Amino acid sequence: MRLFDTAAQEVLDLRPRHPGEVSIYVCGPTVYDVPHVGHGRFTLVWDVLRRWLHFRGFNVRFVSNITDVDDKIIQRAEREGVSESAVATRFEEVWWSSMAQLGVLRPSVAPRATEWIDSMIELIETLMARGVAYPLGDGIYFDVSAVADYGLLALQPLESLRAGARVDARRDKRSPLDFALWKFAKPGEPQWTASFGAGRPGWHTECVVMSLGLLGEGFDLHCGGLDLAFPHHENERAQAVALGRPFARRWAHNGFVMSGGEKMSKSLGNFTSLTDLLERTDPRAYRLLVIRSHYRSPLDVNTETIADAERSVARLDALARRFLLPRLAGDGVVDPVAAWAPEVENFVQEVTRLLDDDLNTPAAVAALFDGVATANSLADQGDSSAETWAHAVATLFGALGLSLVGDEEPLPSEVADLVVRRDEARARRDWSEADRIRSELESRGWIVEDSSQGTKVRRR
RNA sequence: GGCGGCGUGGCCGAGUGGUUAGGCAGGGGCCUGCAAAGCCCCGUACUCCGGUUCGAAUCCGGACGCCGCCUCCA
């Protein structure tokens, strides 16, 4: 498996710390609001990677945090007159519910920042003892000049970053890039006692503590949205470097979700919430949309691209119906396949090669759609290998977390009734009646297909 | 200002120095009572200008346009 490493700026072999095992840390959400579609993208991208690594035989340990203490949570709690923990709990529930709908696997461990405060305090004490953290009136700050290669993930040296820093009202920081490790509590705010003063942690500290605490030094891969590369990941790394502890071996970042050519984000106010999207769309359409583009490219999510993806999913579902394929992904992972039928070996090998090469899902999806055509074509010719092809396609899509759905759902009785009446009409070759019933079914939102087993309907 | 990325056919979106990406939409055909689904065929694209080359959308240089990071952000 090869992945583009943000620090090295090139595609590198993954080379896990322990052969056969991959440890991944993904920066999770701050739970102060409903997730937007950008959260959906990053969770899908890294879910696909996780599933693919599993399918390739790796034992994957996947940690992703919940940030449940933060300025924005405090602001919202104040605005709504409720406790901070009530806000965090509420939006964490929304988060997991959205993840479940998306078919994103639950992390192996999902630590909450507030459960790791003691470790963060210890870390800050150590940094202070080493002279790389200093107190100011409102908190404890990290001195970025202590890290020789600060700017690694920003692809810029410290001096250049400093020159570009926007005017900071604060003149007391040693450098405008210095960041808060700890914020002293104001009255009424959540706080924890610490030797250096009561308060709460800064954002960049929790991920260092939790990733090292749960995955250990030199864990394999640290992932997140591109906007986290700097300063969040840079600052995590800076702390680890200052502590002398080996941190992530590789860094991977996904591209943004765009809206009208602009990055979609809450601060720009141009976001679509993930919950809205999931209400009106088959979540599989979003997964397909995501894997149809490369994870590092920007991705435009709008009604057109989603509708396009939904129609593509319909083509896959038609395959599942035709071959009675089982649903494979969703809650569970698709396990490695020990041996493939000889006729699909090359096909599987090609898809594997593409995915192993920096997770080239768009090329893999293209190959898989070729596989769809092959399966259908072989079946049209009555070739018995068609089934093997269909299963291979479904298995590989399943390995990426996309289930093909061919099951027929139970029909409402009046629909079932119409189906029976239409079969009767067709049996006596009463085409006008058969067509009338078909129109009626269609007007009720059902797609009608004739088959050797009679009328079949499915929801539009 | 510094740094990074991108400009592909109607839309989305891969890729390679010379031979079909793929999906969606559209057109034609087969199948069907008619459909649907499926299959076959079709568009001959790569911002512009130079250069390298037998040959470049693919390499180099330049121009133009767009986006992102440098501030909370996935």
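In this text, all values refer to a predicted model and were calculated from it rather than measured experimentally. Throughout, protein chains are lettered first and strands after them, A, B, ... in sequence-line order, and every chain is numbered starting at 1.
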Of the nucleotides B:A14, B:G33, B:C69, which has the atom closest to the A:D450 side chain? B:G33
Can you name the nearest heavy-atom pair linking A:Y295 to A:D358, along with the distance? OH-OD1, 2.6 Å
Testing B:C39, B:C24, B:G2 for proximity to the side chain of A:D308, the answer is B:C24
For a quick check of understanding: with a heavy-atom distance under 4.0 Å over all strands, which category does A:V257 fall into, base, sugar-phosphate or nothing? base
Of the nucleotides B:A36, B:C3, B:A14, which one has an atom closest to the side chain of A:E449? B:A36
Expressed in angstrom and rounded to an integer, what is the separation of A:I306 atom CD1 from B:A25 atom C1'? 17 Å
What's the closest nucleotide to the side chain of A:D380 if the choices are B:A14, B:G33, B:G38? B:G38
When you compare the side chains of A:W446 and A:E442, does any donor N or O come within less than 3.5 Å of an acceptor on the partner? no
What's the gap between B:G17 and B:A56 when it is taken at their C1' atoms, as a whole Å value? 6 Å
OH of A:Y286 versus C1' of B:C12: gap in Å, rounded? 14 Å
Under 3.5 Å for both donor-acceptor distances, Watson-Crick or wobble: does B:G26 have a partner, and if so which one? B:C42
Which residue lies more 5' along RNA chain B, comparing A:I447 with A:S377 via nearest heavy atoms: A:I447
Pairing donors with acceptors under 3.5 angstrom, does anything connect the side chains of A:E236 and A:H232? yes
When all nucleic acid strands are considered with a 4.0 Å heavy-atom cut-off, which category describes A:Q156: base, sugar-phosphate, or nothing? base
Could you state the atom-to-atom distance from CD of A:E10 to P of B:G4 in whole Å? 15 Å
Taking B:G15 as the reference, what is the distance to B:U8 when you measure between their P atoms (whole Å, please)? 14 Å
How many whole angstroms separate atom CG of A:L226 from atom P of B:C3? 18 Å
A:D423 atom CG is separated from B:G33 atom C1', nearest whole Å, by 15 Å
Give a yes/no on whether any side-chain N or O of A:R296 is located under 4.0 angstrom from OP1 or OP2 of B:G68. no
Could you tell me whether A:G40 contacts a base, only the sugar-phosphate backbone, or nothing, with contacts defined as non-hydrogen atoms closer than 4.0 Å? nothing
Within the structure shown, what part of the strands sits under 4.0 Å from A:R315 by heavy-atom distance: base, sugar-phosphate, or nothing? sugar-phosphate
Residue pair A:L299/A:A366 against RNA chain B: nearer the 5' end by closest nucleotide is A:L299
At under 4.0 Å between heavy atoms, what does A:R422 touch on the DNA or RNA strands: base, sugar-phosphate, or nothing? base
If only side-chain N and O atoms of A:S451 are considered, is one of them under 4.0 Å from the OP1 or OP2 phosphate oxygen of B:U32? no
Assert yes or no for the condition that the ring centre distance of A:F347 to A:W389 is strictly below 6.0 Å. yes
Using the C1' atom on both, measure B:A57 against B:G7 and round to a whole Å. 12 Å
Can you find an N or O donor on one side and an acceptor on the other, under 3.5 Å apart, linking the side chain of A:D227 with the base of B:G68? no
So, A:D178 and A:Y134: side-chain donor and acceptor under 3.5 Å apart, yes or no? yes
A:G224 near the nucleic acid: base, sugar-phosphate alone, or nothing, with a heavy-atom cut-off under 4.0 Å? sugar-phosphate
Below 4.0 angstrom, N of the basic side chain to O of the carboxylate: do A:R200 and A:E84 qualify? no
Ignoring backbone atoms, test whether A:K263 places a side-chain nitrogen or oxygen under 4.0 Å from the OP1 or OP2 oxygen of B:C69. yes
Check: A:S451 side chain, A:G454 main-chain N or O, donor-acceptor pair, under 3.5 Å: yes
Please determine whether a side-chain nitrogen of the Lys or Arg among A:D317 and A:R327 lies less than 4.0 Å from a carboxylate oxygen of the Asp or Glu. no
So which nucleotide does B:U47 pair with, by the Watson-Crick or G-U wobble rule with both distances under 3.5 Å? B:A63
Say you pick atom C1' in B:C46 and the same atom in B:A21; how far apart are they, in whole Å? 13 Å
Assign A:S297 to base, sugar-phosphate, or nothing according to its heavy-atom contacts below 4.0 angstrom with the strands shown. sugar-phosphate
Would you indicate what A:M264 reaches in the nucleic acid, counting non-hydrogen atoms under 4.0 angstrom: base, sugar-phosphate, or nothing? base
Would A:W431 count as stacking on B:G33 if stacking means ring centres less than 5.5 angstrom apart and planes tilted under 30 degrees? yes
Is A:R311 touching bases, backbone alone, or none of the nucleic acid, heavy atoms closer than 4.0 Å? sugar-phosphate
For the side chain of A:T305, counting heavy atoms from C-beta on, which of B:C12, B:G22, B:C39 is nearest? B:C12
So which nucleotide from B:G33, B:A37, B:A14 ends up closest to the side chain of A:H294? B:A14
Using Watson-Crick or G-U wobble geometry with both distances under 3.5 Å, which nucleotide pairs with B:C54? B:G18
From CG of A:L161 across to P of B:G68 the rounded distance in Å is 19 Å
Roughly how many Å apart are B:C48 and B:G10, using the C1' atom of each and rounding to a whole number? 22 Å
Residue A:R438, side-chain heavy atoms: nucleotide from B:C24, B:A14, B:C34 that is nearest: B:C34
So what does A:D370 touch, heavy atoms closer than 4.0 Å: a base, only the sugar-phosphate, or nothing? sugar-phosphate
Please determine, for B:C3, whether a Watson-Crick or G-U wobble partner exists with both distances under 3.5 Å, and give it or none. B:G68
Sticking with atom C1', work out how far B:C59 lies from B:U53, rounded to a whole angstrom. 10 Å
Donor-acceptor pair (no angle test) under 3.5 Å: A:K72 side chain, B:C72 base: yes
Reckon A:D70 touches a base, only the sugar-phosphate, or nothing at all at heavy-atom distances under 4.0 Å? nothing
Please tell me which of the listed nucleotides, B:A37, B:G4, B:A74, lies nearest to the side chain of A:L228? B:A74
Work out how far the P atom of B:C64 is from that of B:U52, and round it to whole angstrom. 23 Å
Atom-to-atom span, CD of A:Q453 to C1' of B:A37 - whole angstrom: 13 Å
ring-ring contact (aromatic ring centres under 6.0 Å, His included), paired with A:F179, selected from A:F142, A:Y150, A:F230: A:F142
Taking only the side-chain nitrogens and oxygens of A:N376, find out if one of them lies under 4.0 Å from OP1 or OP2 of B:A37. no
Would you kindly give the OH-to-C1' distance between A:Y150 and B:C69, to the nearest whole Å? 12 Å
Below 4.0 angstrom from OP1 or OP2 of B:G2, is there any side-chain N or O of A:R162? no
Need one value for A:A373: base, sugar-phosphate or nothing, where a base atom within 4.0 Å counts as base even if backbone is also close, heavy atoms only. sugar-phosphate
Return the pairing partner of B:G33 with a 3.5 Å limit on both distances, Watson-Crick or G-U wobble; otherwise return none. none
Between B:C67 and B:G61, how far is it from one P atom to the other, in whole Å? 24 Å
Under a 4.0 Å N-O cut-off, is there an ion pair linking A:D282 with A:R284? yes
Reckon A:A318 touches a base, only the sugar-phosphate, or nothing at all at heavy-atom distances under 4.0 Å? sugar-phosphate
